[in-house]
Each structure stands twice: as structure tokens, then as C-alpha cells.
Protein chains: 2
Amino acid sequence: MTGSERQTLLDRCRQSGLRITGQRRVILDVLESATDHPDVEELHRKVSAIEPGVNIATVYRTMNTLAEHGLIERHTFEDGRTRFEPAPTDHHDHFIDVDTGKVIEFVSDEIERLQEEIARKHGFEIVSHRLELYVKRLRSD
Amino acid sequence: MTGSERQTLLDRCRQSGLRITGQRRVILDVLESATDHPDVEELHRKVSAIEPGVNIATVYRTMNTLAEHGLIERHTFEDGRTRFEPAPTDHHDHFIDVDTGKVIEFVSDEIERLQEEIARKHGFEIVSHRLELYVKRLRSD
DNA sequence: TTGCAAGTGCAAATCATTTGCATTAACTCG
DNA sequence: CGAGTTAATGCAAATGATTTGCACTTGCAA
């Protein structure tokens, strides 16, 4: 019932004691408003459109800093590129549309439960996991 | 009931019309006898132990050739390194032991089925997928 | 406002992987 | 079995992504 449920990346940066610079504002903004999971180059391109002159090394460094502080997640899909997504609030898995390259999130408690079960059977406990479904849109004609 | 069920990588290379060179013999051998999923550097190290003087570019090239011919699979786990595993005979998913780095394979028809179901619900059909469980050994004390 | 540490730009360094080119060696065919 | 073609290899240089050293700038706490 507080107003803090949809916390912005910027807020979380503050909480982590990171300095809020002009570049960071833009980077965080771009990162947050991205529907897709962008890679560094994409980020840099979008950031530069808003605020030219931001060095790509800064984007790299910012991504690393954010990741260290747990504010973003780093993903490496089969296409090899390292991509980012803001804040692991709730856990979810990914559809990757092989035609468009779009990444869509989904959740399945059932699958999560099965994973636990299988791990236990093998004498493991799960630290984390990743499930990626490479998909094509179903055509209804 | 023929004798062809456990086909060696070498055989499959021959079938694909690849030349069998001294280096390749060794590389295939190392690849096949590896329980873990090695990356290029690991492969090169092991190969060099048997047959010194094999250039790492050759290992890279061989991996690419094998992958093109579908004789090995390329994986990129969260640790970022590109790793290989011989022959995608049956489909399976991976446990990655976060302590040891070991990769263990497993299968779950149930999970596979759930995946199909979820994809369908979202209007997708699955082209391929990857499920990785990052795990720790359960301690029984 | 002042000072210091964190952040930034730029260029050079690093790391993994690929590639051009000359050389070697597998397989095919006679 | 020997010659020819063509893939495979070695080596070094090129590439592409990411990191880093260093000098300079700037956010923020006091």
C-alpha cells in the first residue's frame, strides 16, 4: 500500500549509492523503456540519439556496475550477443522469436516446480536457472 | 541390431566427407572422451598434450566445421565461454554445477511437454530450446 | 563551497575468434 | 602406387567485443 512498488532503476541506483550523472540518467532511461533486451551497441545507439557524445566505454562500464549491484541482468542468448534487462524483480523465462529476434518474457510455476523436483532427484539444489524457448509465431491460416 | 548404433564422431566425419587428418583424429578423440563440455582452450590444451604443435586456429576451424556439419553442438552458458558437446543424438538439458563448473545432462519429458503447452498458449511453436539449471550439490549432513 | 572519490573520455591494451596466404597432406583416379 | 586437386594447417595479421590506464570532470557529502 505504499507507493514504492514500481521502483525505477534510478531510485535503485540511488539506494545502491551510485552517483547519478547525466549519462547515467539517459542510459537508465533507455534501459528501462526498452521492451526488447538490448545489447551494448543498441543501448549506445539509443543513448547517443538523446545525448550525443556518450562514450561506448561508459555504457560498458555502466552495465557492469549495474550488474554488480544486481540492478540489471546479463543474458547471453544463442545468438552470442550479451544483452541486458533491467532488474530481476520477479523471475521469468524467455521466448526468443527466431524470426524477429524479439525477446518475450513468461512465467510458469509448473515448470519451476518440475525443475526443483528434477534437481532434487539428481542430488542438486537449484541456485538459478535459465529457460529459453526459441520460437516461431504460429500461423492461423 | 547392426553394429552402427554407437557411431563415433570419426565415422560421422567420414560420412560427411570430411578429411581425416592426424590433428582431427586427436581433436575428435578428446572431444568424444570429454565428460565435461570443453571450450576451445581446454580442447587445445588436451590435444596439445597428446599431439603437440596443433595450432589453436585449427581447433577453432575444426569446431566450426563440425558444427556446420551438425556433428557437434555449440553452447554458450552464463559464464560466457563457448563450449562444445559431441553430437546431438538425443535432446537433453543441462545442470551446471556452480561450484565445480561441471556440466551434466538430463532429460525431462514432462518439462518438454509443458514447454510446448506454454508456447502454444502464447501463440508460438517451439523451434528449439535450452534449459539450464545452475545447481549446487545437496549436502546430506 | 570545497574536497575527494566516483564517473567519464579517449586511446591503447586485451581476449576470443577469424582470416589471408603460402605450405602440407588426404583422398580420388588412373 | 604416383600425380593432381583441394581441403586442412600453420602462422601472423586482422577483427570485433570488451576492458583498462590515465588525466580530466563532476556528483555529492560535509
Side-chain angles (χ1 to χ4, degrees), chain A residues 9-31 37-48 50-69 71-84 101, chain B residues 9-31 37-48 50-69 71-84 101:
Chain A
L9 262 183
L10 200 124
D11 294 335
R12 307 189 65 207
C13 277
R14 284 217 182 75
Q15 280 169 25
S16 297
L18 298 176
R19 290 189 179 170
I20 309 303
T21 69
Q23 291 93 320
R24 265 187 195 171
R25 261 175 221 285
V26 182
I27 293 174
L28 294 175
D29 226 50
V30 168
L31 199 49
H37 297 207
D39 64 5
V40 170
E41 226 175 314
E42 270 167 51
L43 283 171
H44 183 241
R45 193 162 355 95
K46 289 184 184 172
V47 165
S48 298
I50 302 172
E51 171 95 4
V54 177
N55 197 283
I56 196 165
T58 299
V59 182
Y60 274 108
R61 275 191 281 230
T62 304
M63 291 302 104
N64 288 339
T65 307
L66 294 179
E68 276 163 28
H69 289 261
L71 307 186
I72 59 172
E73 264 183 10
R74 187 192 301 275
H75 292 285
T76 316
F77 298 122
E78 292 288 12
D79 64 10
R81 307 160 72 184
T82 302
R83 293 147 157 273
F84 303 91
Chain B
L9 264 182
L10 201 126
D11 292 336
R12 307 190 63 207
C13 277
R14 284 218 183 75
Q15 280 170 27
S16 296
L18 299 176
R19 289 189 182 170
I20 309 303
T21 69
Q23 291 95 318
R24 263 187 196 171
R25 258 173 223 285
V26 182
I27 294 174
L28 295 175
D29 225 50
V30 167
L31 198 51
H37 296 207
D39 63 6
V40 170
E41 227 175 314
E42 271 166 50
L43 283 171
H44 182 240
R45 192 162 355 95
K46 289 184 185 174
V47 165
S48 298
I50 301 172
E51 173 94 3
V54 177
N55 197 282
I56 197 165
T58 299
V59 182
Y60 274 108
R61 275 191 280 228
T62 304
M63 291 303 103
N64 288 339
T65 306
L66 294 180
E68 275 163 28
H69 289 261
L71 307 187
I72 59 173
E73 262 183 11
R74 188 191 302 273
H75 293 286
T76 316
F77 297 123
E78 293 288 11
D79 64 9
R81 306 159 74 187
T82 302
R83 293 146 158 271
F84 303 90

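Remember, it's a predicted structure, so these values are computed and weren't measured experimentally.
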In whole angstrom, what separates [X]'s [atom1] from [N]'s [atom2]?
X	N	atom1	atom2	value
B:Ile56	C:dT17	CD1	P	8 Å
B:Arg24	D:dT9	CZ	C1'	10 Å
A:His69	C:dA6	NE2	P	10 Å
B:Arg83	C:dA16	CZ	P	13 Å
A:His44	C:dG9	NE2	P	8 Å
A:Glu41	D:dT18	CD	C1'	12 Å
B:Phe77	C:dA16	CZ	C1'	18 Å
B:Ile27	D:dA8	CD1	P	12 Å

Original post:
Closest nucleotide of DNA chain C for B:Arg74 versus for A:Gly53: which of these residues is on the 5' side?
Top reply: A:Gly53

Subject >> B/S/- contact track for nucleotides 21-28 of chain D, protein heavy atom under 4.0 Å >> reply: B-----BS

Please state whether the phosphate of [N], meaning OP1 or OP2, lies under 4.0 angstrom from any side-chain nitrogen or oxygen of [X].
X	N	value
B:Gln23	C:dA25	no
B:Asn55	D:dC11	yes
A:Asn64	D:dT18	no
B:Tyr60	C:dT17	yes
B:Thr65	D:dA8	no

Can you list everything that forms a side-chain hydrogen bond (donor to acceptor under 3.5 Å, both in side chains) with [X]? Sequence neighbours excluded, please.
X	result
B:Gln23	none
A:Asn64	A:Arg74
A:Gln15	A:Gln7

Original post:
Would a distance-only check, ignoring hydrogens and angles, find a side-chain to backbone donor-acceptor pair under 3.5 Å from A:His44 to A:Val54?
Top reply: yes

Subject >> B:Arg24 (side chain) donor-acceptor with B:Arg19 (main chain) under 3.5 angstrom >> reply: yes

Contacts of type salt bridge (charged side-chain N to carboxylate O under 4.0 Å, His left out), residue [X], not counting sequence neighbours:
X	value
A:Arg83	A:Asp36, A:Asp79
A:Asp29	none
A:Arg45	none

Original post:
In chain order, what residues pass the ring pair (Phe, Tyr, Trp, His ring centres under 6.0 Å) check against B:Phe77, with sequence neighbours excluded?
Top reply: B:His75, B:His94

**OP:** State, to the nearest 10°, the angle formed by the axis through the first five base pairs of the helix from C:dT1-D:dA30 to C:dG30-D:dC1 and the axis through its last five.
**Re:** 30°

